[in-house]
Structure formats: structure tokens, C-alpha cells
Protein chains: 2
Amino acid sequence: MDINQIAQLAGVSRATVSRYLNDGYVSQEKRAAIARVIKETGYVPSQYAKSLRTGKSNVVGVIIPKINSASVSRMVAGMTTILNEAGYQLLLANTDNDESREVSFLRLFGEKNQVDGIILIATVFTPAHEEVLSGLTLPLVVLNQSHPGKSCVYQNNEGALHDITELALKKGTHPAYIGVHEEDTSAGRMSHRGFLDACREAGVEVPDRAQVVTTSTVDTGYMAAEQILHDYPEVDTIVCATDSIAYGTLTCLQEYGHRVPEDIQVTGIGDGDLSQIVSPTLTTVHPYYKTSGIEAAKMLVGLMNDSDTAQRDIRMGYELVVRNSTR
Amino acid sequence: MDINQIAQLAGVSRATVSRYLNDGYVSQEKRAAIARVIKETGYVPSQYAKSLRTGKSNVVGVIIPKINSASVSRMVAGMTTILNEAGYQLLLANTDNDESREVSFLRLFGEKNQVDGIILIATVFTPAHEEVLSGLTLPLVVLNQSHPGKSCVYQNNEGALHDITELALKKGTHPAYIGVHEEDTSAGRMSHRGFLDACREAGVEVPDRAQVVTTSTVDTGYMAAEQILHDYPEVDTIVCATDSIAYGTLTCLQEYGHRVPEDIQVTGIGDGDLSQIVSPTLTTVHPYYKTSGIEAAKMLVGLMNDSDTAQRDIRMGYELVVRNSTR
DNA sequence: TTGTATGCGTTATCAG
DNA sequence: CTGATAACGCATACAA
């Protein structure tokens, strides 16, 4: 069922059918005839052919580290609405936390091929990333990290950790910090800086033994809290870089018989589903993940349409959610 | 950068380059020459043209009700691994729980176009669904629901609820049930049946006021539990159709001063992340979501390759996870 | 307002 | 083993 058959059945040339499908510029009679034939046959134009001819696919490639994650799936949910509205489909590339796959997808999509634009939910930037990123002509938006020279949308981890630490220090005097690795992800670094700034402003000293680095899971959070309890027994406030770590910390404190928040305050970042369910409920920061996906998608649509849209950065806002794990 | 330029640079015809890219059947010398040129130029074949010519896209359409959901994102994670291994990309279509969008995506993908196969994570089957489903020629796998005549992979909700109810009834005598709506989703109906069967086998009577229907959220779970407490005060066991409902129930019981599991047992279905964190930790059923995604993807790959693969159903297994919310 | 002719980049057929 | 050549289904410049 191709455009030629439609043309024949409608008694017009295929160019007219094509115009009917696109610009317009067709007389009422022919328009009606074509419409009727299309309805009868259920004809749908071939995307392949259309894309081959126009060089546009109406598909955007979305590279994600892990679909199976609350923050990522919210971002994807956000961009889906915008992109679909704008007539684009999402081609999903899941790297399963494998950096090399991230680079190869970037390359695959980037090589003048298959997609009209890319959204990269970034984790780390290796030299390989930089290389492929620099030689990229397609519209691209980096989500979740800031990257010089590229349009990006990212969370204000520094501000979030600063504010929540500041809050906790109104009632606490011996804060500890459980963060995530800081080598290649700016998120980790910025978070730590926010914490340290707030401490400095409050005039409290934080010894090294009160600051540990781990990964963002409940189990490792538990272990990190255990370590702090051991190395820094005077602790009365534990600021965690993620909610998952905070959950582990809560469990640990409970098992060691420390009361939260009376003896030790705990804070997280993320406002995960569990945060209002754990006991005590967790004081945390609500990051606008879904909205960041929406913003990234809007930006990309802008880049793909008006090719001269200026590159810009969006640092997302956040909201302190004060619950019962702080005094 | 197209195949003609590569051919010219390598001193061969474009047919030879094409063969190099596909079947093989190229002499060593030419092979080397082409390889060199391709490496130098970074040439990548156009998917559009390839698809137009071959009628295959190496893309499968995945229709999901909501990306932002633990079960769905796990299923997607599972199929991603299999599909990527088999050389397919995922085109994601998120309906955001809008049935009509589900149908239109089905139609869009189905109209001989754009994708080589479809995985539908099903929620409900309306007449509109049936209509488009019946006139579908593309390989399709239905995930999460069973559907006569179509290959499908689904959870054994009936078995899961039966077994967990059976377990709870070893220590309980007055069970209540909080389920989800049963009109159009077989999941809800099957769950309820599993519960009732186990009760019947155990010889316990369950009055209507001990069975309520709600939606699967923490808040509505809370309210449903409240209602049961009011209408059926002698309750000593609450079987919930989902973990979310169970979380709400736990919170409710705690606030009303009922001890779990001493006074009232609670069970869920799903083994969500929170289940080992809430207190008491939740007795639930671990459904193999990720594995079901893997199975669905394998099935679809089979259907797409050997077009004569028999249609079949897979009912997934499950595993009872006994924790501290039951005696 | 409409039709004709051409090309988008591949792969497949068919001789050589 | 290789090279012409003809599609694949569509959009568009150009002529009418």
C-alpha cells in the first residue's frame, strides 16, 4: 500500500497525494477524494521513505544509565510528554551503567543517522565521552550533569546540600557526611561542597573521620553509618547525599539503639517514595526530576527546530521537605 | 558520506561495499581496502535507506502504561538486554495510563510501519484494543496480561495470592482483603480469586465487609485499611494485592495502635524496595518482573526471526518472601 | 492548482 | 568473486 496506489485510486498524481499529506495546496475536490481513499485503505506513509527523503526521522535518542531507577524513570516520563506532543518518538538506549556503552550509543546516534536529536542522562565524562561529544553535529541536551559548551539541565546539588545542612545545624553541632564518589561525577563533588560550605558558615569543624564516601544503596549506607558511629561517636547529625544512603543509615541507627532525631538527626536528598514511609519520616530535598526531563525535552525541541537556539544551562530548583528525622 | 563515496575511494563498486557490509563474499584485498576507507572516513550506513530497501528496521516498539513505575521499569530493563543483544533498539511509547493512546500507538506501530515487532505491557483490553489487535500482522508479545490468541507473558497473581494467603492463615483466622479494581484487568480478578480459594481451602468465611477494592497507592491503601478496621474490627490478617497498599496499611495500623504482626498480620505482593525497610519488614511475594521482560523479549525475537514460531503463553513463577509482618 | 521527473542511500538480481 | 542496474516509497523543483 504505497502512495502510488492511493494516487491511482483517487485519480490524481502521487505528487498531489504527497502535498495532501504535507503542505496542503490541493483543491477541495481532490482533497476529498484522497481523504476517502486513504480512509478506505487505511494507508499510512512509510517513515523509512519519508526519512530517507527528508533526512528527518522524528525520533530522538535517549541515552540512560539505568531505566530501573526512580530518578531516571521520572526524567524519562517528563520528556515523553513533551516530545510526543512535539511529534517525536523516543528511541531508548539503556547502558546499564556501562560507560563504554554510553559512548558507543552516542557515537551510533551521532554519526549522522537515525535520530534527530539526543538527550543524554549523564553519569560521568571520560576522555572518550569528550571526544565523541566534541565531534557531534546533532542537537544534544545533557541531563543531570553540567557540561561546558553543551546545553544542559542539572540538579543544584550544591544548593540542596547546603540548605539541608544549614537546617540540620540549627539543632546539631557534630555533623557527619556520607557522600558518593567524587572522581568523575560532578554531582558528588558539588554535594560535598554544599555540605562543607554550610558547616563553615555555621562555624563548625568537620574532621575527616566524619566524612565517608560510598555508593548510593541502602546496604552501603548502612555500612557507612556504622563506620561513622565507630570513628566519630560524638556525631549528632548525619547528612546523606542520597535518600537510599539515608534509609540505610536510619536502619543502622535503629539497630544500634540510637533514637532519631533525639540522639542523631538524619537527612537525605531525593524525596524518594519511601521517605514518607520510613520511621521516622525522612527530612530530605525534593528534586524536580520529572520537570528536569520536561525542561531538557523543551530545550531539545528548540534546538531541533530553530537551529540557532542559543546553548544554555538550566539549574533546577529544589524544595526542602522537613519531616521527622530532624529536630 | 554515502556508500558511493566509499566505493570510489576503495576503488570498487558500491555493490561490493554493500556485500562487505552484509553477507561477505568479498576478496581479501578488496575487503582490506574497504575496511581501511571505512575506518578513515568513519562511514556509517544510513538506517533509513537500509530499512526502506529491506523492510526491516531493527527497532521494536514497546508500549508501556507508565515508565515511572517500579514494575514497568524492571520489565523494560529486562527486555533491553535481550533486544540489544539481538541487535534491536527500543522505541518507547509511553501512554501515561491513557487507554486510547495505547490503542493509537498499537495502530501506529502496527500499520506495516517503522518497527519490526511490538511488546505491549498491557493494562486493560477494551473493544478498541481487540479490534486493532485482531488486525495486526506484526509479531507481538503481550506482557503482564494473558490474551487469547496472542503470545504473552504474565504474572501468576492467582497463585501468588493463594500461597501468601495460605501462609497467613496458618496463624490467622479473620482475614481481610484489599484488592484493585477488577472490571477490565484480569490481574485484579485473578488476585481476588487466589485469596478466596485459599480461604475456602482453610475453611474460613470472609464477609463482604472484609473485602475492599481500591487503587494501588500508599494513600489509598491507608484509607482502605482504615475502612476495614472500622467495618471488620475482628480482623487479624490483612492480605493486600500490592506492596503499596500494604505500606499504607502498615502506617494505618501503626497509627491506630495495632501491633504488626502480633495483633494483625499484613502481606503484600511485589517485593518492592521498601519492603525490607518498612518496619516491620513486609512479608510479600517476589515477582520476577525483570525476568518477565527478558522472556517477552526472547519470545519476540523468536517471532521476528523464525516467523513460524508457535504462539505460546508463559506464566511466570514467583517466590514467597517471608519477613516480619506475619507471625 | 496539478503532474513529471529526479534523487535520497541501500540491497538484491543478474550477468559477467 | 564483481559490477551494472533496478527497485524501495516518498518529497520536491520545475514546468504546465
Side-chain angles (χ1 to χ4, degrees), chain A residues 1-38 41-59 87 89 108-116 137-138, chain B residues 1-38 41-59 87 89 108-116 137-138:
Chain A
M1 187 58 50
D2 68 355
I3 199 173
N4 287 303
Q5 306 185 38
I6 302 299
Q8 194 163 11
L9 289 174
V12 300
S13 79
R14 72 160 175 267
T16 304
V17 177
S18 178
R19 274 189 289 266
Y20 168 85
L21 260 11
N22 301 302
D23 310 284
Y25 234 63
V26 177
S27 70
Q28 284 307 322
E29 317 148 41
K30 311 237 170 194
R31 182 176 295 277
I34 296 171
R36 191 176 51 76
V37 173
I38 287 183
T41 58
Y43 163 73
V44 174
S46 155
Q47 268 298 337
Y48 307 149
K50 184 182 276 198
S51 294
L52 177 59
R53 183 58 226 251
T54 62
K56 308 197 65 41
S57 61
N58 293 326
V59 171
Q89 292 284 337
L108 175 67
F109 288 158
E111 308 291 8
K112 193 76 156 185
N113 217 358
Q114 161 165 6
V115 299
D116 294 344
T137 65
L138 258 73
Chain B
M1 189 58 51
D2 67 355
I3 199 173
N4 287 303
Q5 307 185 37
I6 302 300
Q8 193 164 11
L9 289 174
V12 300
S13 79
R14 74 159 174 270
T16 304
V17 177
S18 178
R19 272 190 290 266
Y20 168 85
L21 261 11
N22 301 301
D23 311 285
Y25 235 62
V26 177
S27 71
Q28 283 308 319
E29 315 149 44
K30 311 235 172 195
R31 182 175 293 277
I34 296 171
R36 191 175 51 75
V37 173
I38 287 183
T41 58
Y43 162 76
V44 175
S46 155
Q47 268 298 337
Y48 306 149
K50 183 180 278 198
S51 294
L52 176 59
R53 184 58 228 247
T54 61
K56 309 199 62 44
S57 61
N58 292 327
V59 171
Q89 293 284 337
L108 174 69
F109 287 158
E111 307 293 6
K112 194 80 157 180
N113 216 359
Q114 160 166 2
V115 299
D116 293 346
T137 66
L138 259 72

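Protein chains get the first letters and strands the later ones, always in sequence-line order, with residue 1 at the start of each.
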Using a 4.0 Å heavy-atom cut-off across all strands, classify B:Tyr20 as base, sugar-phosphate, or nothing.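 Counting heavy atoms under 4.0 Å across all strands, no contact is made by B:Tyr20.
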Send over the distance from [X] [atom1] to [N] [atom2], rounded to a whole Å.
| X | N | atom1 | atom2 | value |
| --- | --- | --- | --- | --- |
| B:Lys56 | C:dT10 | NZ | C1' | 16 Å |
| A:Ile3 | C:dT4 | CD1 | P | 14 Å |
| B:Asn4 | C:dT10 | CG | P | 8 Å |

Residue met sooner reading DNA chain D from 5', once A:Leu52 and B:Gln28 are mapped to nucleotides: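 Result of the comparison: B:Gln28.
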Once you round to the nearest 0.5 Å, how far does [atom1] of [X] lie from [atom2] of [Y]?
| X | Y | atom1 | atom2 | answer |
| --- | --- | --- | --- | --- |
| A:Leu52 | A:Ser46 | CG | OG | 9.0 Å |
| B:Ser51 | B:Asp116 | OG | CG | 7.5 Å |
| A:Tyr20 | A:Ile38 | OH | CD1 | 5.0 Å |
| B:Tyr48 | A:Lys56 | OH | NZ | 7.5 Å |

Using a 4.0 Å cut-off to any heavy atom of chain A, which nucleotides of DNA chain D are the first and last in contact, reading 5' to 3'?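 Footprint of chain A along DNA chain D, 5' to 3': D:dG9 to D:dT12.
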Examine C:dT2: is either OP1 or OP2 under 4.0 Å from a nitrogen or oxygen in the side chain of A:Thr16? Give yes or no.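 Result: no.
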Quick check: do A:Val37 and A:Tyr43 have side-chain heavy atoms less than 4.5 Å from each other?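 No, every pair of side-chain atoms sits at 4.5 Å or beyond.
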Side chain proximity check, B:Leu108 to A:Gln89, heavy atoms < 4.5 angstrom: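 The answer is yes, as the side chains (C-beta and beyond) meet within the 4.5 Å cut-off.
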Under 3.5 Å donor-acceptor pairs involving side-chain atoms of residues 6-17 of chain A, not counting sequence neighbours:
unit_1  : atom_1 : unit_2  : atom_2 : d
A:Ser13 : OG     : A:Ala15 : N      : 3.3
A:Ser13 : OG     : A:Thr16 : N      : 3.4
A:Ser13 : OG     : A:Thr16 : OG1    : 3.3
A:Arg14 : NH1    : A:Asn4  : OD1    : 3.1

Could you go over nucleotides 12-16 of chain C and give all protein N or O partners under 3.5 Å, atom names and distances?
unit_1 : atom_1 : unit_2  : atom_2 : d
C:dA12 : O4'    : B:Arg53 : NH2    : 3.1

I'd like to know if the side chain of B:Ser57 and the backbone of B:Gln114 have a donor-acceptor N/O pair within less than 3.5 Å.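 Judged by distance alone, yes, a pair lies under 3.5 Å.
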